[in-house]
**Student:** 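Structure incoming, see below.
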Amino acid sequence: MKVSVKGGLVLASIWIILKMILYYLGKSSEGFTIGIFLNILFVLLAASLGLYFTKLKSGPTHFLQDVKVSLRGSIVYSVLISMFVYLYY
């Protein structure tokens with residue numbers, strides 16, 4: 001599995017676990033804005049960390065390959081979170 005896809009999976013599972021912990025503690029309404037900010041942070045981290053670790057492994061690449069690698073992690077994260085939010089609400 002590619003590094004960017006792993007990053008998206010790991011960050012999505014962290015966000016889902018945090019959301020479920022807040023739900024079981026009964027604090028889901030208080031943690032709503034924190035969840036939004038964490039979601040935005042994790043999308044950015046999925047893109048940037050996937051690109052960073054891919055660059056470490058493969059060396060210099062051109063711009064279009066960098067965009068593809070960044071979007072790969074972000075799309076995996078976005079799809080997983082979208083499915084979870086659909087089921088959660």
**Student:** When you group the ILVMFWY residues by side-chain heavy-atom contacts below 4.5 Å and let the links chain together, are Tyr88 and Leu9 in the same group?
**Tutor:**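 Leu9 and Tyr88: separate clusters.
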
**Student:** Determine whether Ser13 and Phe84 make a side-chain contact, defined as any pair of heavy atoms from C-beta on separated by less than 4.5 Å.
**Tutor:**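 Counting from C-beta outward, Ser13 and Phe84 never come under 4.5 Å.
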
**Student:** First locate atom OG of Ser82, then atom OH of Tyr77, and finally report the distance between them rounded to the nearest 0.5 Å.
**Tutor:**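 Answer rounded to 0.5 Å: 9.5 Å.
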
**Student:** Mind checking side-chain contact (heavy atoms from CB on, under 4.5 Å) for Val3 and listing every partner two or more places apart, or none if nothing turns up?
**Tutor:**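 Listed in chain order: Phe53, Thr54, Lys57.
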
**Student:** Determine whether Phe32 and Ile81 fall in the same hydrophobic cluster, where Ile, Leu, Val, Met, Phe, Trp and Tyr are linked whenever their side-chain heavy atoms lie under 4.5 Å apart.
**Tutor:**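 Yes, same cluster.
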
**Student:** CD/Gln65 to OG/Ser70 distance, rounded to the nearest 0.5 angstrom?
**Tutor:**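 Answer for the CD-OG pair, Gln65 versus Ser70, is 11.5 Å.
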
**Student:** Determine, using the 4.5 Å side-chain heavy-atom cutoff (strictly less than), whether Val85 and Tyr24 are members of one ILVMFWY cluster.
**Tutor:**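 Result: yes, single cluster for both.
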
**Student:** State, yes or no, whether a side-chain contact exists between Lys27 and Glu30 at a heavy-atom distance under 4.5 Å.
**Tutor:**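 A side-chain contact under 4.5 Å exists here.
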
**Student:** Among residues at least two apart in sequence or on other chains, which ones pass side-chain contact (heavy atoms from CB on, under 4.5 Å) with Met83?
**Tutor:**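 Met83 satisfies side-chain contact (heavy atoms from CB on, under 4.5 Å) with Val79, Leu80 once adjacent residues are dropped.
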
**Student:** Between Val43 and Ser74, which heavy-atom pair has the shortest distance, and what is it?
**Tutor:**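 Minimum heavy-atom separation between Val43 and Ser74: O-OG, 3.7 Å.
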
**Student:** Starting at OG of Ser4, measure out to OH of Tyr52 and round the result to the nearest 0.5 Å.
**Tutor:**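 Spacing of OG (Ser4) from OH (Tyr52) equals 15.5 Å.
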
**Student:** Kindly give the heavy-atom pair with the smallest separation between Gly8 and Ala46, and that separation in Å.
**Tutor:**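 Closest approach of Gly8 to Ala46, heavy atoms only: CA-CB, 4.3 Å.
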
**Student:** What residues form a side chain to side chain donor-acceptor pair (under 3.5 Å) with Ser48, not counting sequence neighbours?
**Tutor:**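 Here no residue qualifies.
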
**Student:** I want to check something: taking the side chain as every heavy atom from C-beta on, are Leu11 and Leu41 in contact at a cut-off of under 4.5 Å?
**Tutor:**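 No, their side chains stay 4.5 Å or more apart.
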
**Student:** Are side-chain heavy atoms of Arg72 and Val69 found at a separation under 4.5 Å?
**Tutor:**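 Yes, at least one pair of side-chain atoms sits under 4.5 Å.
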
**Student:** Run through Ile16, Leu18, Ile17 and flag the one making a side chain to side chain contact (heavy atoms under 4.5 Å, CB included) with Ile14.
**Tutor:**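 Testing Ile14 for a side chain to side chain contact (heavy atoms under 4.5 Å, CB included) against Ile16, Leu18, Ile17 leaves exactly one candidate, Leu18.
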
**Student:** Can you tell me how far apart CD1 (Ile34) and NZ (Lys19) are? Round to the nearest 0.5 Å.
**Tutor:**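 Result: 10.0 Å between the selected atoms.
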
**Student:** So if you build clusters from Ile, Leu, Val, Met, Phe, Trp, Tyr with side-chain heavy-atom gaps below 4.5 Å, do Ile36 and Met20 land together?
**Tutor:**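 Same hydrophobic cluster.
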
**Student:** To the nearest 0.5 Å, tell me how far Phe63 CZ sits from Thr61 OG1.
**Tutor:**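 Reported to 0.5 Å precision, the distance equals 10.5 Å.
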
**Student:** Take Asp66 and Lys55, measure what side-chain contact (heavy atoms from CB on, under 4.5 Å) needs, and give me the verdict at the end.
**Tutor:** CA-CA 8 Å; Asp66 294 344; Lys55 284 277 203 182; 3.3 Å; yes

**Student:** Is a donor on one side and an acceptor on the other found under 3.5 Å between the side chain of Trp15 and the backbone of Val10?
**Tutor:**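 Judged by distance alone, no pair lies under 3.5 Å.
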
**Student:** Look at the side-chain heavy atoms of Ile, Leu, Val, Met, Phe, Trp and Tyr, link any pair under 4.5 Å apart, and say whether Leu38 and Ile40 land in one connected group.
**Tutor:**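 Leu38 clusters together with Ile40.
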
